[in-house]
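Report on the following structure.
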Amino acid sequence: MVADKAADSSQENTEKMDVLTSTRAVVKDALERLGYPNELYELLKDSLRMLTVRIPVRMDDGSIKVFTGYRAQHNDAVGPTKGGVRFHPDVTEKEVNALAIWMSLKAGIVDLPYGGGKGGIICDPREMSFRELEGLSRGYVRAISQIVGPTKDIPAPDVFTNSQIMAWMMDEYSRIDEFNNPGFITGKPIVLGGSHGRESATAKGVTICIEEAAKKRGFEIKGARVVVQGFGNAGSFLAKFLHEAGAKVIGISDAYGALHDPDGLDIDYLLDRRDSFGTVTKLFDKTITNEDLLELDCDILVPAAVQNQITEHNAHNIKANIVVEAANGPTTMDATKILTDRGILLVPDVLASAGGVTVSYFEWVQNNQGYYWPEDEIEEKLYKAMIKAFNAIYNTAETRGIDMRLAAYMVGVRKMAEASRYRGWI
Ligand code: NAD
């Protein structure tokens with residue numbers, strides 16, 4: 001049993017190493033097509049800085065547990081780095097590195113004055129108490145405090161972290177800094193300087209991409225059959241928005257299994273019953289697996305959970321007309337090729353999920369100016385940014401005859417490449 005577990009985890013690590021390796025391959029391809037020299041690739045293939053920290057936390061039983069965490073800062077030529085903090089048992093340094101590169105690309109795609117950053121702690125928050133999570137969140141901020149800050153590197157929520165965790169982190173940083181510093185972190189509760197629309201921003205951005213992709217494919221959201229993998233922040237809001245837009249959400253899932261109803265699931269009921277970690281399927285006896293979910297007959301498939309879900313093993317069986325990646329890295333490069341060759345329109349993660357960092361940027365701007373915008377203003381600004389990015393990438397893909405992932409990397413890498421050159425780094 002232990003040996004099996006070890007084998008599983010070593011296979012997972014290999015797959016994660018591939019996430020970084022394959023990300024680098026697309027960055028290299030994008031830079032070459034844009035005519036940049038190889039030195040630029042050498043600069044951008046890794047994070048400028050990667051800090052590993054050890055965080056001692058007193059657990060509820062009185063023992064001390066020491067957690068390992070990371071903070072990566074990919075490139076700060078354009079501006080401070082920015083990116084979420086993930087609490088998950090499978091976090092690795094390589095994964096955090098790849099996620100930081102993706103954040104740089106996202107910032108370039110939606111034209112934000114940022115570079116990419118990312119953080120992660122190896123832990124399972126589902127098995128920790130509120131008090132233990134607070135200790136871990138505050139300990140992480142103390143450990144990384146010297147390299148982060150509102151003009152250096154600005155964290156945010158990611159998998160299994162939320163506005164409460166952002167609030168503890170902001171409070172800890174403000175204590176260290178000796179003044180109230182809401183611009184240190186985004187994704188905060190509204191009363192602590194959070195922005196309207198931040199909680200649902202990723203899903204809003206994904207919805208805008210789905211609408212645009214459906215238009216290109218000549219069908220409407222109303223009546224379309226949708227499958228969403230993951231029912232956390234991104235997946236649950238997305239299911240809600242698509243349900244409200246008249247789509248039939250026929251499948252959803254969480255880490256424990258999936259639900260399927262060809263006539264459409266009762267999304268309002270599921271939203272009401274999900275817990276704060278995005279778990280809902282445990283309440284049902286009749287479930288299917290996440291693997292079966294991905295292969296359901298549908299018009300729109302949205303992976304909104306974790307990476308490496310669509311691979312060369314199942315890409316041939318995907319039946320959707322469009323696949324829109326709300327999660328980071330859900331489709332491997334081999335699978336990207338298979339889906340594209342099969343005529344499936346794949347809207348890549350660095351574009352589709354850029355709504356989160358866009359509204360995080362709005363939150364940071366509001367914190368810095370001390371003046372807050374109403375929700376409709378945020379929505380309008382987000383809509384404009386996403387439509388502009390979608391069209392720039394779709395048109396690049398069409399003109400050059402390439403898939404939207406490579407087109408997105410080409411659009412995303414340009415600003416960072418130019419800024420690095422103007423600074424004289426290359
Ligand atoms: P979350 O923690 O709120 O929810 C994650 C969901 O995925 C939960 O329903 C969980 O049960 C499910 N899940 C976990 N492991 C799974 C597995 N092995 N198989 C199937 N389901 C699994 O996380 P989130 O914030 O919704 O993030 C989801 C994805 O979207 C991640 O890849 C994240 O990086 C990406 N993303 C999120 C944001 C954001 O603002 N929340 C922004 C950009 C990208």
Side-chain angles (χ1 to χ4, degrees), residues 1-2 4-6 8-9 12-13 51-71 83-93 95-96 99 118-148 155-178 180-182 184-194 199 230-236 254-257 271-283 305-306:
M1 187 66 184
V2 173
D4 280 355
K5 268 198 169 164
D8 281 354
S9 124
E12 242 169 44
N13 286 342
L51 183 66
T52 302
V53 295
R54 303 277 285 153
I55 312 150
V57 177
R58 185 168 297 280
M59 306 303 278
D60 289 346
D61 65 4
S63 67
I64 299 278
K65 190 166 173 188
V66 183
F67 294 86
T68 299
Y70 305 97
R71 186 73 198 170
V85 182
R86 179 172 288 200
F87 283 10
H88 199 278
D90 295 340
V91 164
T92 65
E93 187 180 320
E95 177 189 65
V96 173
L99 286 161
K118 201 76 187 191
I121 302 177
I122 305 168
C123 66
D124 193 342
R126 292 165 295 186
E127 288 175 2
M128 295 172 71
S129 71
F130 214 57
R131 198 200 61 77
E132 290 168 342
L133 276 175
E134 178 174 354
L136 182 62
S137 305
R138 289 183 185 277
Y140 179 67
V141 169
R142 285 194 298 277
I144 64 167
S145 66
Q146 288 181 345
I147 65 159
V148 291
D158 192 70
V159 175
F160 292 161
T161 53
N162 54 25
S163 58
Q164 173 62 76
I165 290 174
M166 299 305 109
W168 288 324
M169 289 187 174
M170 191 278 270
D171 184 65
E172 191 65 25
Y173 188 81
S174 296
R175 285 186 196 188
I176 294 167
D177 221 22
E178 294 183 348
N180 200 30
N181 205 332
F184 153 68
I185 204 162
T186 59
K188 301 177 292 294
I190 300 273
V191 291
L192 290 181
E199 213 185 5
F231 209 57
N233 175 279
S236 67
D254 58 30
Y256 305 94
L271 289 170
D272 193 45
R273 301 304 307 273
R274 73 185 269 275
D275 71 14
S276 61
F277 293 109
T279 307
V280 73
T281 65
K282 277 181 168 178
L283 301 171
V306 286

Pro157, Pro182, Ser163 screened by side chain to side chain contact (heavy atoms under 4.5 Å, CB included) with Lys188, the one that passes: Pro182
Rounded distance (nearest 0.5 Å) linking atom CZ of Phe87 with atom CE of Met128: 7.5 Å
Backbone N/O of Asn180 and side chain of Asp177: donor-acceptor pair under 3.5 Å: no
Min side-chain heavy-atom separation Ile64-Met59 under 4.5 Å: no
Side chain to side chain, Val96 and Val91, heavy atoms closer than 4.5 Å: yes
Residue list, ring-ring contact (aromatic ring centres under 6.0 Å, His included) with Tyr256, at least two apart or on another chain: none
Flag for Thr279-Arg274: side-chain donor and acceptor within less than 3.5 Å: no
Minimum heavy-atom distance Pro125-Leu133, with the two atoms named: CB-CD2, 3.7 Å
Any donor-acceptor N/O pair, Thr161 side chain to Arg86 backbone, under 3.5 Å: no
Heavy-atom pair of closest approach, residues Pro155 and Val85: CB-CG2, 3.8 Å
Distance in Å, Asp90 CG paired with Ile122 CD1, rounded so as to fall on 0.5 Å steps: 9.5 Å
Nearest atoms (heavy-atom pairs only) where Ala156 meets Ile185: N-CG1, 4.1 Å
Shortest non-hydrogen contact between Ser137 and Ile165, atoms and distance: OG-CG2, 3.5 Å
ring-ring contact (aromatic ring centres under 6.0 Å, His included) involving Phe231 - partner list, sequence neighbours excluded: none
Distance, nearest 0.5 Å, that separates CG of Asn162 from CG of Asn233: 9.0 Å
Partners meeting side chain to side chain donor-acceptor pair (under 3.5 Å) with Thr52 (sequence neighbours left out): none
Minimum heavy-atom distance Asp254-Val280, with the two atoms named: OD2-N, 2.7 Å
CZ (Arg273) with more than 12 external heavy atoms under 6.0 Å: no
Nearest-0.5 Å distance, OG1 of residue Thr92 to OH of residue Tyr70: 7.0 Å
Residues in ring-ring contact (aromatic ring centres under 6.0 Å, His included) contact with Phe160, at least two apart in sequence or another chain: His88, Phe277
Any side-chain heavy-atom pair of Leu51 and Gln146 under 4.5 Å: no
Considering all heavy atoms, the nearest Ser129-Asp60 contact: OG-OD2, 2.7 Å
Approximate separation, where rounding is to 0.5 Å, of Arg175 CZ and Arg142 CZ: 9.0 Å
Centroid separation Trp168 to Tyr140 less than 6.0 Å: no
With sequence neighbours excluded, residues passing side chain to side chain donor-acceptor pair (under 3.5 Å) with Asp124: Arg126
Any residue meeting side chain to side chain donor-acceptor pair (under 3.5 Å) with Arg138, in chain and number order, not counting sequence neighbours: Glu134, Asp171, Glu172
Interatomic spacing from CZ in Arg71 to OG in Ser145 - rounded to 0.5 Å: 13.0 Å
